[in-house]
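Everything below concerns the one structure shown next.
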Amino acid sequence: MNKPLNIDDALFHKLVNFYTENYHLPPLAAKIYAYLIFDFDMQGFSFEELVDVLKASKSSVSCSLQLLLQNEHITVLNKIDERKRYFILNPDYVKIRFSSLIEKLYKELDILEDLKALKKNESNDEKNNIYINKLDIYIDLLNSNINSFSETIKKLYQ
């Protein structure tokens, strides 16, 4: 059995709030995820250990783990000499997250390009040209973010 992690309480609560607010995780799932962030050695924690550390019911922990597994926030580590499953952060989660963001940005970029083409065919007045220029600025921003995320993925997973 792993011993409980030595975690900074203030940072733990800051992480829980962040994942609750920004990833829309339920509070217990956010606590599990935040707790696993402090598992720097990636040894993982069994279901029973998480129930014990978080002082939550087995059914609540089970539901939260299922949610985190479905969303690919965490993964299961099976140790050779044990039948227990150990839960760790998904080492590919950043890649999955950024790839998803890139996909969404490409979809938005496609829509903006269609909108720009439509506006170019409308008229050539000043108001229309200002709108097209603003679209171009936004399109440049999306392309820049796509390139930045792609480069980050490349650097992290080479």
Side-chain angles (χ1 to χ4, degrees), residues 1-56 58 60-116 133-158:
M1 184 164 207
N2 290 334
K3 63 181 180 177
L5 297 173
N6 184 17
I7 63 171
D8 179 281
D9 251 7
L11 182 54
F12 175 76
H13 290 292
K14 193 175 184 179
L15 284 165
V16 170
N17 288 335
F18 177 80
Y19 289 109
T20 301
E21 292 171 12
N22 295 291
Y23 285 66
H24 308 291
L25 291 176
L28 183 57
K31 284 180 183 179
I32 291 169
Y33 192 70
Y35 189 74
L36 292 176
I37 288 173
F38 289 95
D39 182 16
F40 300 117
D41 296 332
M42 301 286 279
Q43 295 297 307
F45 286 89
S46 70
F47 173 79
E48 293 80 12
E49 289 170 323
L50 291 171
V51 168
D52 185 51
V53 167
L54 297 168
K55 308 291 186 237
K58 288 181 178 183
S60 295
V61 171
S62 179
C63 288
S64 293
L65 287 171
Q66 281 305 111
L67 175 70
L68 292 169
L69 285 166
Q70 284 174 343
N71 292 334
E72 299 182 277
H73 285 85
I74 65 173
T75 190
V76 174
L77 175 69
N78 293 306
K79 297 181 181 180
I80 293 173
D81 58 341
E82 294 185 43
R83 291 185 64 191
K84 282 185 185 179
R85 298 181 333 154
Y86 291 84
F87 299 93
I88 61 171
L89 294 180
N90 185 342
D92 291 329
Y93 183 69
V94 171
K95 184 178 187 178
I96 293 165
R97 181 169 177 252
F98 282 172
S99 294
S100 173
L101 287 171
I102 290 169
E103 185 179 317
K104 288 176 186 174
L105 292 175
Y106 272 126
K107 286 178 182 177
E108 186 173 5
L109 188 60
D110 185 51
I111 292 168
L112 290 175
E113 291 289 356
D114 290 346
L115 187 58
K116 181 180 165 184
N133 286 337
K134 288 183 179 184
L135 275 176
D136 283 335
I137 292 168
Y138 190 36
I139 288 168
D140 287 345
L141 174 65
L142 292 180
N143 280 317
S144 175
N145 285 331
I146 289 168
N147 291 333
S148 179
F149 289 150
S150 297
E151 284 300 310
T152 299
I153 290 171
K154 199 180 300 179
K155 288 176 187 175
L156 287 172
Y157 294 96
Q158 284 182 338

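Residues take their numbers from the sequence shown, with the count starting at 1. Keep in mind the model is a prediction, meaning the values are calculated, not measured.
- Separating the CD1 atom in I102 from the NZ atom in K95 is a distance of 10.5 Å, to the nearest 0.5 Å.
- Side-chain N or O atoms of N147 include one that pairs as donor or acceptor with a backbone N or O of N143 at under 3.5 Å.
- The 12-atom threshold is not exceeded at CD of E103, counting heavy atoms of other residues, nucleotides or ligands nearer than 6.0 Å.
- For Y157, there are no side chain to side chain donor-acceptor pair (under 3.5 Å) partners, not counting sequence neighbours.
- Under the 4.5 Å side-chain criterion, counting only non-hydrogen atoms from C-beta, D39 is not in contact with L89.
- Counted within 6.0 Å of OH on Y23, heavy atoms from surrounding residues, nucleotides or ligands total more than 12; the atom is thus considered enclosed.
- Y138 and E108 share a donor-acceptor pair across their side chains, judged by distance under 3.5 Å alone.
- Under the salt bridge (charged side-chain N to carboxylate O under 4.0 Å, His left out) criterion, E72 pairs with no residue at all, not counting sequence neighbours.
- Note: I74 CD1 to I37 CD1 = 11.5 Å, rounded to the nearest 0.5 Å.
- Contact record, G44 with E49: O-OE1, 4.3 Å, taken as the closest heavy-atom pair.
- Between A29 and S64, the closest heavy-atom pair is N-OG, 3.5 Å.
- Residues forming a salt bridge (charged side-chain N to carboxylate O under 4.0 Å, His left out) with E151 (at least two apart in sequence, or on another chain): K154.
- In terms of heavy atoms, A34 sits closest to V16 at CB-CG2, 3.8 Å.
- Judged as a side chain to side chain donor-acceptor pair (under 3.5 Å), and not counting sequence neighbours, the contacts of D136 are K116.
- When the ring pair (Phe, Tyr, Trp, His ring centres under 6.0 Å) test is applied to Y33, the partners found at least two apart in sequence or on another chain are Y19, H73.
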| task | Would you check, one step at a time, whether the test side chain to side chain contact (heavy atoms under 4.5 Å, CB included) holds for F47 with K58? | result | CA-CA 8 Å; F47 173 79; K58 288 181 178 183; 3.7 Å; yes
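- Here the OH-CG distance, from Y93 to N71, works out to 7.0 Å after rounding to the nearest 0.5 Å.
- Here the OG-CG distance, from S62 to L28, works out to 10.5 Å after rounding to the nearest 0.5 Å.
- Side chain of S100 to main chain of I96: no donor-acceptor pair is present (N/O by atom type, distance under 3.5 Å, no hydrogens or angles).
- The closest donor-acceptor contact from the side chain of S144 to the backbone of D140 lies at 3.5 Å or more, if one exists at all.
- Residues that satisfy the salt bridge (charged side-chain N to carboxylate O under 4.0 Å, His left out) test with K134, not counting sequence neighbours, are absent from this structure.
- In this structure, L105 CG and K107 NZ are separated by 11.0 Å, a value rounded to the nearest 0.5 Å.
- The shortest heavy-atom contact between Y35 and F12 is N-CE1, 3.6 Å.
- Here the CG atom belonging to N145 is positioned 9.5 Å from the CG atom belonging to L101, to the nearest 0.5 angstrom.
- Taking 4.5 Å as the limit, every side-chain heavy atom of Y86 sits out of range of all side-chain heavy atoms of N78.
- Here the options are L68, L69, T75, L77, the test is side-chain contact (heavy atoms from CB on, under 4.5 Å), and the partner is F87; only L69 passes.
- No donor-acceptor pair closer than 3.5 Å links the side chain of D52 to the backbone N or O of E48.
- At least one donor-acceptor pair under 3.5 Å links the side chain of T152 to the backbone N or O of S148.
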